Amino acid sequence: MRLALTAAALLALTACSAHASTPGAWNDLRARSDKACIAAAEELRNVRVTAYGDTFQDVTVSTLEGVYKPKHMKGARGKATCVFGKRSGRAEVQELQVRR
């Protein structure tokens with residue numbers, strides 16, 4: 001019984017290590033995150049990712065920058081934070097308020 005439990009534990013550890021991410025997988029994640037975040041930044045145009053932040057277990061966080069679309073903003077530049085869900089593939093963008 002003890003031998004079977006030890007074998008099962010070793011098999012589980014081996015399986016987990018086999019799923020280590022490659023540089024290509026990280027690049028794919030970043031590309032998917034960037035695309036989703038840019039699409040979700042509805043209030044900005046000419047959006048670009050200015051900082052690719054931390055990658056957590058379920059989400060990535062990045063910073064966006066662009067120009068506000070509404071005419072009353074008169075071409076003001078804006079910044080936003082994007083949270084991208086790795087499993088869902090959905091991005092949520094929130095305007096970044098800079099206090100001076």
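Just so it is clear, the structure is predicted and the values come from calculations on it, not from any experiment. Just the heavy atoms: all of them, side chains too, but no hydrogens, waters or symmetry mates, feed the values below. Residue numbers start at 1 and run along the sequence shown.
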- Share the residues that join Val83 in a hydrophobic cluster, the rule being Ile, Leu, Val, Met, Phe, Trp or Tyr side chains under 4.5 Å apart at the heavy-atom level. Phe56, Val59, Val61
- Could you give the distance from CZ (Arg48) to CG (Asp34), rounded to the nearest 0.5 Å? 12.0 Å
- Just how far is it from atom CH2 of Trp26 to atom OG of Ser21, taken to the nearest 0.5 Å? 5.0 Å
- Message: For the NZ atom of Lys86 and the OG1 atom of Thr60, what is their distance to the nearest 0.5 Å?
- Response: 7.0 Å
- Query: If every non-hydrogen atom of Ala36 is compared with every non-hydrogen atom of Gly89, which pair is closest and at what distance?
  - Reply: CB-O, 4.0 Å
- CD/Glu65: more than 12 non-hydrogen atoms of other groups inside 6.0 Å: yes
- Item | Atom of Val93, atom of Cys37 and distance for their closest heavy-atom approach | CG2-O, 3.8 Å
- The side chain to side chain contact (heavy atoms under 4.5 Å, CB included) partner of Phe84 among Arg90, Glu92, Arg32 is Arg32
Cut-off 3.5 Å, no hydrogens considered: what does the side-chain donor-acceptor table look like for residues 67-76, sequence neighbours left out?
{"from": "Tyr68", "atom 1": "OH", "to": "Glu95", "atom 2": "OE2", "distance (Å)": "2.6"}
{"from": "Lys69", "atom 1": "NZ", "to": "Glu42", "atom 2": "O", "distance (Å)": "3.2"}

- Taking every non-hydrogen atom, the tightest pair across Leu44 and Ala80: CD1-CB, 4.4 Å
- Under 3.5 Å: donor-acceptor pair, side chain of Thr63, backbone of Thr50: no
